[in-house]
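Structure first, then comments.
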Amino acid sequence: MAGAEGRVAGRATDGLDELVDGYCRWLLEVRGLSPNTVRSYRADLASYVSWAERTGRDGVRPTHKELRSYLAELGRARYSTKTVNRRLSALRGFFHWLVREGVIEGEEASALASPKVARTLPRVMSDEDVVRLLGTCDTDDAVGLRDRAFLELLYASGARISEVSGLSTADVDLRSAQVSLFGKGSKERIVPLYDAALRWVGAYLERGRPSLVRERRTDALFLSTRGNPMSADALRTCFERHVVRAGLDPSLTPHAMRHTFATELLDGGADLRSVQELLGHESLSTTQIYTHLSVERLKQAAARAHPRS
């Protein structure tokens with residue numbers, strides 16, 4: 001990286017774009033992050049590069065005060081606290097990599113305090129909502145079988161939509177009643193599946209998927225009507241279509257199924273460590289939000305049922 005260091009010696013932002021490119025390649029090839037995740041990092045860093053160019057600041061060796069100025073600009077532009085924190089996180093990772101590669105000797109981003117985010121509980125679905133959603137699939141045809149299998153698998157595994165889109169037929173083991181999911185950083189985890197999900201996935205594999213396969217052979221689990229692997233966006237659109245058919249809140253997303261999965265497990269007596277492993281969370285603190293949600297659901301149930309409430 002010595003050559004890269006030399007390129008930033010001229011104009012304040014000379015070489016910054018190339019360094020960002022190098023960092024994103026490292027995230028993809030070494031860290032093993034998904035292309036979608038790397039695109040998000042690149043977009044967040046592009047905001048910083050644009051700021052450095054507009055203001056004439058040294059984007060590779062900014063001072064603590066200059067970085068605070070960048071964050072202040074984001075605040076004046078009324079970006080949400082969540083967005084500001086995400087962009088700050090991207091900057092910290094980028095500068096840590098620059099130090100690691102020997103481009104700079106030290107950095108100031110780590111000393112910046114993250115804006116506090118208002119704590120909100122995840123959105124979950126009720127049992128009635130899930131039943132209504134599943135009931136919108138016409139299982140007499142291949143597409144209906146596919147959609148029912150997709151929704152059942154989503155609910156049974158607590159998988160992220162990106163993880164479901166990456167599944168192959170070999171990742172679902174009907175005999176062992178489990179699915180292999182590949183999460184962030186390509187980390188694999190095994191999640192057990194309940195009988196109903198196994199039946200619908202099995203029915204789709206037997207009677208639905210063969211009708212969707214076209215000339216182009218693929219081992220992707222979920223296929224479009226043209227026989228192509230369904231992307232995360234395509235599966236998200238599918239989910240939203242069934243939400244509308246069920247007459248549910250149109251703001252519901254596939255992640256609500258993941259939140260519901262986690263909360264149901266904790267309500268059923270599962271320990272926090274097990275839920276962390278099933279969700280693929282790196283930190284237990286990320287999983288702990290569901291304990292608050294579980295308690296909140298108990299409070300709501302008590303409020304509805306207690307005669308003095």
Side-chain angles (χ1 to χ4, degrees), residues 36 80 82 118-167 172 179 181 191 193-201 203-204 208 212 221-225 230-268 270 275 278-281 286-287 289-305 309:
N36 285 337
S80 69
K82 184 177 180 180
R119 193 179 184 89
T120 58
L121 294 178
R123 180 82 175 278
V124 299
M125 301 171 66
S126 67
D127 291 338
E128 181 184 348
D129 289 342
V130 174
V131 170
R132 286 169 61 185
L133 184 67
L134 296 174
T136 60
C137 302
D138 180 4
T139 55
D140 290 332
D141 61 32
V143 171
L145 273 175
R146 179 200 67 194
D147 292 358
R148 181 63 183 262
F150 158 58
L151 293 174
E152 290 279 5
L153 187 59
L154 199 63
Y155 187 45
S157 65
R160 302 176 179 92
I161 195 70
S162 59
E163 294 170 344
V164 176
S165 70
L167 288 175
V172 181
V179 60
L181 298 171
V191 178
L193 299 176
Y194 52 68
D195 289 343
L198 292 168
R199 287 197 303 272
W200 284 110
V201 173
Y204 164 64
L212 298 174
L221 178 59
F222 293 111
L223 303 179
S224 70
T225 53
M230 294 183 71
S231 66
D233 285 340
L235 289 173
R236 192 174 291 110
T237 298
C238 173
F239 180 89
E240 293 169 351
R241 182 167 60 247
H242 286 285
V243 165
V244 172
R245 287 180 186 175
L248 301 176
D249 186 340
S251 66
L252 282 172
T253 68
H255 223 63
M257 291 283 248
R258 179 171 165 84
H259 296 324
T260 305
F261 168 83
T263 308
E264 295 285 1
L265 288 178
L266 288 171
D267 284 347
V275 176
L278 291 171
L279 290 174
H281 286 161
T286 307
T287 315
I289 184 65
Y290 295 108
T291 61
H292 300 289
L293 187 59
S294 185
V295 169
E296 186 65 24
R297 280 166 51 123
L298 289 175
K299 288 181 180 178
Q300 292 172 0
R304 287 193 300 268
S309 63

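Numbers here are sequence positions counted from 1.
When all heavy atoms of D138 and D141 are compared, the closest pair comes out as O-OD1, 3.3 Å. In terms of heavy atoms, A262 sits closest to L279 at CB-CD1, 3.8 Å. Nearest heavy-atom pair, L181 versus A159, reported as atom, atom and distance to 0.1 Å: CD1-CB, 3.7 Å. Scanning both residues, G208 and A142, for their nearest heavy atoms gives O-CB, 3.4 Å. The heavy-atom pair separating A156 from A197 by the smallest distance is CB-CB, 3.6 Å. Shown here for M125 and L248, the closest heavy-atom pair between the two residues is CE-CD1, 4.1 Å.
Between F239 and L133, some side-chain heavy-atom pair lies under the 4.5 Å cut-off. Within the 4.5 Å cutoff, the side chain of V179 has no heavy atoms near those of the V201 side chain. Using a 4.5 Å heavy-atom cutoff, the side chains of T139 and W200 are in contact. By the 4.5 Å heavy-atom criterion applied to side chains, D127 and E264 are counted as neighbours.
To the nearest 0.5 angstrom, S165 atom OG is 7.5 Å from N36 atom CG. Taken to the nearest 0.5 Å, the CD1 atom of I161 stands 11.5 Å off from the CZ atom of R258. Taking CG from L145 and CG from L212, the interatomic distance works out to 9.0 Å, rounded to the nearest 0.5 Å. Atoms CE and OG1, on M230 and T237 in that order, are 8.0 Å from each other to the nearest 0.5 Å. In this structure, H242 NE2 and D147 CG are separated by 3.5 Å, a value rounded to the nearest 0.5 Å. The CG atom of L221 sits 7.5 Å away from atom CG of L223, with the distance rounded to the nearest 0.5 Å.
Residue pairs meeting the salt bridge (Lys or Arg N to Asp or Glu O under 4.0 Å) criterion with at least one partner in residues 150-160, sequence neighbours excluded, are R148-E152, R160-E163. Among pairs with a residue in residues 248-257, those fulfilling salt bridge (Lys or Arg N to Asp or Glu O under 4.0 Å) read R123-D249, at least two apart in sequence or across chains.
Although no hydrogens or angles enter the test, the distance criterion places no donor-acceptor pair under 3.5 Å between the side chain of Y155 and the main chain of T260. Side chain of R236 to main chain of P254: no donor-acceptor pair is present (N/O by atom type, distance under 3.5 Å, no hydrogens or angles).
The salt bridge (Lys or Arg N to Asp or Glu O under 4.0 Å) check on R132 picks up nothing, with sequence neighbours excluded.
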- Task: Take L235 and L154 through the side-chain contact (heavy atoms from CB on, under 4.5 Å) test and state the conclusion after the steps.
- Result: CA-CA 11 Å; L235 289 173; L154 199 63; over 6 Å; no
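By the 30° and 60° cut-offs, the orientation of the rings of F222 relative to F150 is perpendicular.
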